[in-house]
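Contents: one structure, followed by commentary.
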Amino acid sequence: MQLKGIDKKTLEKIEDTGYTLESLALSTFEILVSQLKVDEEKAKKIIESAQNQLGIHPVTALKFLELEAMRGKVTTSSNELDGILGGGIWTQELTEVAGGFGSGKTQLCFQLCINVQLPKEEGGLGGNAFFIDTERTFSPRRIVEIASYRDLDVENVLKNIIVASAINTNHLFSIVDQLNEAIPENNIRLLVVDSFASHFRSEFIGKDRLVERQQKIMQIAEKLILLAVKHDIAIIVTNQIIANVEEFLFGSPEEPALGFAWAHRPQQRIFMRKSRGSSRIARLFDSSRMPEREALFYVNESGITDAPFPTDFHTE
Ligand code: GTP
Ligand code: MG
C-alpha cells in the first residue's frame, strides 16, 4: 500500500493490522488511534490520504464538473437510450436495470460487454468486461452472434469477457472481493451483475430475515460503488420487479425489487418493459443528473438497435 504523506513505519503498521485502502478511507480517526496507536493528527491524515487515493475526497463543484466531463461512457448501441442516459452507461457509478422477464436486461448487458471493448471514438472504453452471472443465462453464442453482425473479431471479443457464475450470496461476495485485483490485472472497464436480485430474493425469505438481507445488499452495494470509483469502471446490475402495492409511490403497478434501502444506492435507475414485437421501452426514473424520460429501442438478432431488424417487419 502507498499513502501519500505517510511514513514507512506507519505504513508497515497499517499493513500488519490488515487494513485495506477502502477500510482506511471509511474508518474514523478514533478507531485508527486505538488500533494503530497513532496520534489523532496522524489518524486524520491517513484517512484523508486514503480518501484522496480512492477519489472520494471533497472537491469544489467546479472541480466536480471537470471530473464529471472526463468520465467515460459505454454506448448501449441505441442513440435514443444513450440520449436519456447522458451518453451511455457511465463509469464511476452504479446503474440499475430493472424489468420483467424477457424485457431485455440480459441482452443489454451482453451488448455492453461487447461495446466496452470498442475504442472511445466508437462509444467504448477500450477495455474488457467482467460478467457475474447468477442465473446461468450467460450465452457466448449470443455474444458471437451480436459481434458477427457488427463485423468485430469474434474470438477477441470473447477473450475479453470474463464470466464468473455466482452460485449463492456468499459466492457473490467472494467474487466481488476478488475484483480489487482482477479489475486492474485484466483491464476491466465494465462490471455486470446479472441478476443482482436473484440470490438475495431466494435466500432470505420471510420477514425475520429481511434485516439481514438488507444489510447484505447494502454491504455489497458499498463494495461495488467503491470499485466503480477506485478503478474508474462502469457497473451495471440487473434487478427483478415486483407488484407494487402502493402504486402512488412509484406511479406504476410494478416496481423494482429489493426495497427502499437498495433504491438509493444506484446513481442511475432504468426500468425496462416490452413493447410491440422486438421493441422495448426504457425509462430513466431515478437520476440526479438527467430528467425522467423514456427511450424506444429494439432487441433483435444483431443485439440492441435504434431501428427494427429487417425480419422484424414480418412478425410485427
Ligand atoms: P429475465 O432474465 O428472464 O428477467 O429477462 P431479461 O430481461 O434478462 O430478458 P433477456 O435480456 O434475456 O431478453 C429476452 C428477449 O430478448 C427475448 O424475449 C427475445 O425477444 C430477445 N432475444 C434474446 N435472444 C435473442 C436472439 O438470439 N435473437 C433475437 N432476435 N432476440 C433475442
Ligand atoms: Mg436475464
Side-chain angles (χ1 to χ4, degrees), residues 1-64 66-68 70-72 91-94 127-128 130 132 162 164 166 168-191 193 196 200 211-235 237 261-262 264-267:
M1 192 187 302
Q2 292 239 318
L3 280 177
K4 220 169 158 191
I6 305 299
D7 57 278
K8 219 172 147 208
K9 212 170 130 228
T10 312
L11 281 177
E12 281 170 11
K13 219 187 307 180
I14 289 172
E15 277 178 12
D16 289 346
T17 326
Y19 271 106
T20 62
L21 203 54
E22 288 78 5
S23 55
L24 284 175
L26 302 179
S27 190
T28 63
F29 75 83
E30 289 96 339
I31 295 176
L32 295 193
V33 166
S34 95
Q35 296 201 343
L36 297 174
K37 311 278 176 259
V38 292
D39 60 29
E40 190 178 314
E41 196 188 332
K42 193 176 249 175
K44 286 180 177 165
K45 210 166 152 192
I46 293 170
I47 293 173
E48 192 188 324
S49 181
Q51 289 178 346
N52 271 327
Q53 202 158 318
L54 284 177
I56 53 173
H57 54 292
V59 293
T60 65
L62 182 65
K63 180 78 184 165
F64 200 99
E66 281 167 29
L67 292 171
E68 196 174 83
M70 280 158 49
R71 275 161 62 185
T91 59
Q92 297 178 28
E93 65 188 19
L94 211 55
N128 302 334
F130 197 106
I132 303 181
I162 300 180
N168 59 20
T169 320
N170 283 342
H171 192 201
L172 178 63
F173 269 87
S174 87
I175 294 170
V176 168
D177 284 336
Q178 290 166 37
L179 288 175
N180 220 353
E181 274 98 55
I183 289 170
E185 267 168 26
N186 298 288
N187 186 26
I188 302 296
R189 297 302 307 280
L190 171 79
L191 170 66
V193 188
F196 183 75
F200 290 109
V211 173
E212 191 189 348
R213 186 188 88 167
Q214 294 314 90
Q215 277 170 350
K216 293 250 179 217
I217 289 173
M218 301 314 275
Q219 275 170 12
I220 205 146
E222 187 179 286
K223 283 175 192 283
L224 292 178
I225 291 167
L226 272 173
L227 286 172
V229 175
K230 181 178 175 190
H231 299 287
D232 189 24
I233 62 166
I235 303 190
V237 306
W262 160 254
H264 297 288
R265 308 315 292 189
Q267 283 70 38

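Numbers for residues simply follow the sequence, beginning at 1. It should be emphasised that the depicted structure is a prediction, and the values quoted were computed from it without experimental measurement.
The shortest non-hydrogen separation linking Ala221 to Leu94 is O-CD2, 4.5 Å. Heavy-atom minimum distance, Glu181 versus Pro184: O-CD, 3.2 Å. A pairwise comparison of heavy atoms in Ala166 and Ile132 identifies CB-CG2, 3.9 Å as the closest pair. In plain terms, the two heavy atoms of Ser49 and Lys4 that are nearest each other are OG-O, 3.0 Å. Minimum interatomic distance between Thr28 and Ile47 (heavy atoms only, all atoms of both residues): C-CD1, 3.5 Å. The shortest heavy-atom contact between Ile188 and Leu190 is CG2-O, 3.4 Å.
Salt bridge absent: Glu48 and Lys44 never bring a charged side-chain N and a carboxylate O closer than 4.0 Å.
Two residues are said to be in side-chain contact when any heavy atoms from C-beta on lie closer than 4.5 Å; Val33 and Asp39 fail this criterion. Residues Met218 and Arg265 have side chains in contact (heavy-atom distance under 4.5 Å, counting atoms from C-beta outward). Residues Ile220 and Lys216 have side chains not in contact (no heavy-atom distance under 4.5 Å, counting atoms from C-beta outward). A 4.5 Å side-chain heavy-atom check between Ile46 and Phe29 finds every atom pair outside the cut-off. A 4.5 Å side-chain heavy-atom check between Val229 and Leu54 finds every atom pair outside the cut-off. Residues Ile235 and Glu93 form no side-chain contact, since every pair of their non-hydrogen atoms from C-beta on lies 4.5 Å or further apart. Looking at heavy atoms from C-beta onward, Arg189 lies out of side-chain contact with Asn128 at the 4.5 angstrom threshold. Between Leu3 and Leu24 the shortest side-chain heavy-atom distance falls below 4.5 Å.
Residue pairs meeting the salt bridge (charged side-chain N to carboxylate O under 4.0 Å, His left out) criterion with at least one partner in residues 6-18, sequence neighbours excluded, are Asp7-Lys42. Applying the salt bridge (charged side-chain N to carboxylate O under 4.0 Å, His left out) rule to pairs touching residues 19-32 yields Glu22-Lys230, sequence neighbours excluded.
Atom CD1 in Ile183 sits 11.5 Å away from atom CD in Gln178 (nearest 0.5 Å). Between atom OG1 of residue Thr17 and atom CD of residue Gln35 there is a gap of 7.5 Å, rounded to the nearest 0.5 Å. A distance of 8.5 Å separates CD1 of Ile233 from CG of Leu224, quoted to the nearest 0.5 Å. Taking CD1 of Ile162 as the start and CD of Glu185 as the end, the distance is 9.0 Å to the nearest 0.5 Å.
When ring centroids are compared, Phe200 and Trp262 stay outside the 6.0 Å threshold.
For Glu68, the salt bridge (charged side-chain N to carboxylate O under 4.0 Å, His left out) criterion is met by no residue, not counting sequence neighbours. Judged as a salt bridge (charged side-chain N to carboxylate O under 4.0 Å, His left out), and not counting sequence neighbours, Glu222 has no contacts. For Gln219, there are no side chain to side chain donor-acceptor pair (under 3.5 Å) partners two or more places apart in sequence or in a different chain. Not counting sequence neighbours, Lys45 has no partner by the salt bridge (charged side-chain N to carboxylate O under 4.0 Å, His left out) test.
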